[in-house]
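One-based numbering, in listed order, for ligands and for the atoms of each. Hydrogens, waters and symmetry mates play no part in the numbers below; they use all other heavy atoms, side chains included.
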Amino acid sequence: MRGRVPVLIPVALDQTYDYLLPEGLQVAPGDFVLVPFGAQTRLGVVWDQLLGPQPDKPPKKMKAIVERLDVPALPELSRRFAEWISRYTLAPAGMVLRMMMGASSAFEPVKPRFGVAIADGSADPPRLTPARKRVLEVAADGLPRAKSALAAEAACSSGVIDGLIEAGLLVEVVIPERRYPVPRADHDENQFTEAQAEAVHHLRAAVDSQAYSVTLLDGVTGSGKTEVYFEAVARTLAVGRQAVIMLPEIALTSQFMNRFQRRFGAPPVEWHSALSGPERGRAWRAAATGEARVVVGARSALFLPYQYLGLIIVDEEHDPGFKQEDRVHYQARDMAVVRGSLGKIPVLLASATPSIETHVNARTGRYRHVVLPGRFSGVEMPEVSAIDLRRDPPERGKWLAAPLVTAVEETLAKGQQALLFLNRRGYAPLTLCRSCGHRLECPQCSAWLVEHRFRNRLNCHHCGFTLPLPEKCPKCGEPGQMVACGPGVERIAEEVAARFPEAKLALLSSDLIPGLAEMREVIRGIEAGEANLIIGTQIVAKGHNFPDLCLVGIVDGDLGLAQGADPRAGERTFQLLHQVTGRAGRASVQGRGLVQTYNPEHPVMEAIIRGDREMFLEREIRQRQMGVLPPFGRLAALIISARDARLAEQFAREVARRAPPAERIDVLGPAEAPIAIVRGRHRWRLLVRAPREIDLQAYLRAWVSFLPEAKGDLRLVVDVDPYSFL
Ligand code: ADP
Ligand code: ZN
């Protein structure tokens, strides 16, 4: 009898499909296979067992596997991890698989690259032109090269190369696929301070035990966390296993890569959205074969098919960028802990401002807690003080209060760098007509259009809608009456350029810098002192080391606290302001932080100003406990949306009505979402809250299974552990 094999296909379905195994073909779980699926042939993975509901299908109708691909299999641990994520997030298993196959070119045959090399035994070369001579001299080392590369190196045209091929002095060859250079554990070992050495000892011990553990590496910016966790990486390399270092995407700076290279003598394998398709394919395969020894990447680096993973590091573990908000909704830091537990390997979480969740886990002993007490340089943390905008308001139409202006002046006069932080892209968050009061809104979202003056356009930050800046009001037609309200970083740059015409400005905002390479270049320029006044959004908060930076001014300290429904608003504001002000004064002088606020008595603001993290933590943990909020409670959001407003509302009410009764589970809502319309879709939200001990997933699954089918364009999204409440 021919066998039947369950295959999981990377589409939004929560089940495997059975396929017949044709004569002569052997497959094992994890193998990538091509199978007929509907009218198409699709790539899938042979699974260990059936998943999901299985209709009884007579074998006659069953289709057969077409072929097995010659790529490394999806490891067993990756398969268990995919099942776990699917169970926890309620995302279909097929979608999780799709996420793990994040490189379609990994499954395409590698196209051989052709080049030329010197021919063997061309003993008696005829008389040569100087160009031909140069080519043969370059090629004399016997290495294969692309024709164009050889021509460039020998400074000749490709015709010369062709001539040499014809003459039999060069031959066409296949250029072997490049291999990743191997980082070495003992390339350049560091001298550590006593406190660092102690931390290194703990991390090495965690790696040496080759068992699951989670360690919080907790130390201020500049305390040497990176240097210290590199030693855990070194230990992992020494025992022949792989390591992954996860960073918030934007922190993948050249500086980090350079430091890695210095320590290990070779760069890590990078994994992030800026890679080309073939680079992704190569990295994916290298993770599966073990060739990639250390991967450094954004959150999705966690899902590569590591064969020998021995260590996971999540740097800046508190960063909200680790939460993915589309397709599969997951929190990568939490999933890293899960992957560590499944793989029985150590996980390190590093941060200067750990999340409340991680703090609580460290306090209860679930995680180990390793502390680096001060900065490596010995320089004190910056002195932070408030500028009370009620007392010192900026002039009309300006955004910097007098004390901040003076401080910037002093800093620049001393030849030092200053940074002004405002977490808002663009020129102004709102444009209105002075004559009729009309506000420019996105036609498809309930959101204002943001002016981007450098591009002379208005943009919607929710859907990407864009429009040239209108001359006259689209409503009343009055010309020259449109005014910008409120500041964005571009407007701060304008004010600063007028106030400090001599300053060398750098504006760091993701929308103004096209890609990772350009970002690295801008940051390198700042590090080299090519700018002395930096204006930036949150991308300045992360992972950079600006040695001459002595003053950080927060233009609007209250901005993040206004997010009413978000239980993490206080935490996030504390982290962001602490991280940004912590950029000041790293190298040799103590820095200063100035926070402009209308609310200096707010507990978060007070904790920032006093530099009192414990005070903030105590209060925040108490509040979470009382509110049964994470990590003491579990949250899930249900988001209902449709193009038709009534349909969305009706369905949201229906969903709420069908919530299974449960004693200790609260269902809040439905309520119209704070951003009620996005891309023309009307949105309603429900929030589910349960104590930690409750199996929230079982409850949600039961609930969703009782719901009527979401017909037409109605959509229901389940977001377990939501980070966005908009
Ligand atoms: P963190 O990750 O905590 O912000 P880093 O590891 O980036 O800290 O260290 C901050 C700076 O201090 C870096 O420039 C780093 O090279 C330097 N540094 C930290 N520890 C050492 C050490 N033991 N020896 C030499 N330089 C160190
Ligand atoms: Zn929009």
Would you say ligand 1 has an N or O under 3.5 Å from any N or O of Gly222? yes
Using a strict cut-off of 4.0 Å, indicate which atoms of ligand 1 neighbour a heavy atom of Thr221. 4 (O)
As an exercise, identify every atom of ligand 1 less than 4.0 angstrom from a heavy atom of Gly224. 1 (P), 3 (O), 5 (P), 6 (O), 8 (O), 9 (O), 19 (C)
Could you list the donor-acceptor pairs under 3.5 angstrom formed by side chains in residues 317-324, with sequence neighbours left out?
unit_1	atom_1	unit_2	atom_2	d
Glu317	OE1	Arg333	NE	2.9
Glu317	OE1	Ser355	OG	3.3
Glu317	OE1	Thr358	OG1	2.8
Glu317	OE2	Ser355	N	2.6
Glu317	OE2	Ser355	OG	3.2
His318	ND1	Ser351	OG	2.7
Asp319	OD1	Gly321	N	2.7
Asp319	OD2	Lys542	NZ	3.0
Lys323	NZ	Asp719	OD1	2.6
Lys323	NZ	Asp721	O	2.9
Gln324	OE1	Arg299	NE	3.2
Gln324	OE1	Arg299	NH2	3.1
Gln324	NE2	Asp326	O	3.2

Please determine, by modelled atom types, if Asp644 and His682 share a side-chain donor-acceptor pair under 3.5 angstrom. no
Have a look at Thr353 and tell me which of Gln579, Gln575, His578 forms a side-chain hydrogen bond (donor to acceptor under 3.5 Å, both in side chains) with it. Gln579
Considering residues, nucleotides and ligands other than Glu383, do more than 12 of their heavy atoms fall under 6.0 Å from its CD? no
Around the Zn ion (ligand 2), how many protein N/O/S atoms fall inside 2.8 Å? 4
If we set the cut-off at 4.0 Å for heavy atoms, which region of Val220 has an atom near ligand 1: side chain, backbone, both, or neither? backbone
Side-chain contact, heavy-atom cut-off 4.5 Å: Glu227 with Arg263? no
Please state which option from [options] has its nearest heavy atom closest to [atom].
atom: atom 7 (O) of ligand 1; options: Lys225, Glu316, Arg262, Arg259; value: Arg259
atom: atom 12 (O) of ligand 1; options: Phe256, Phe192, Phe376; value: Phe376
atom: atom 23 (N) of ligand 1; options: Glu227, Gln579, Gln191; value: Gln191

Among Ile356, Ile608, Ile621, Thr573, which residue meets the side-chain contact (heavy atoms from CB on, under 4.5 Å) test with Phe616? Ile356
Using the salt bridge (Lys or Arg N to Asp or Glu O under 4.0 Å) rule, pick out the option among Lys225, Arg613, Arg363 that qualifies with Asp218. Arg613
Give a yes/no verdict on a cation-pi contact between Arg583 and Phe546, requiring under 6.0 Å between NZ or CZ and the six-membered ring centre and an angle within 45° of the axis. no
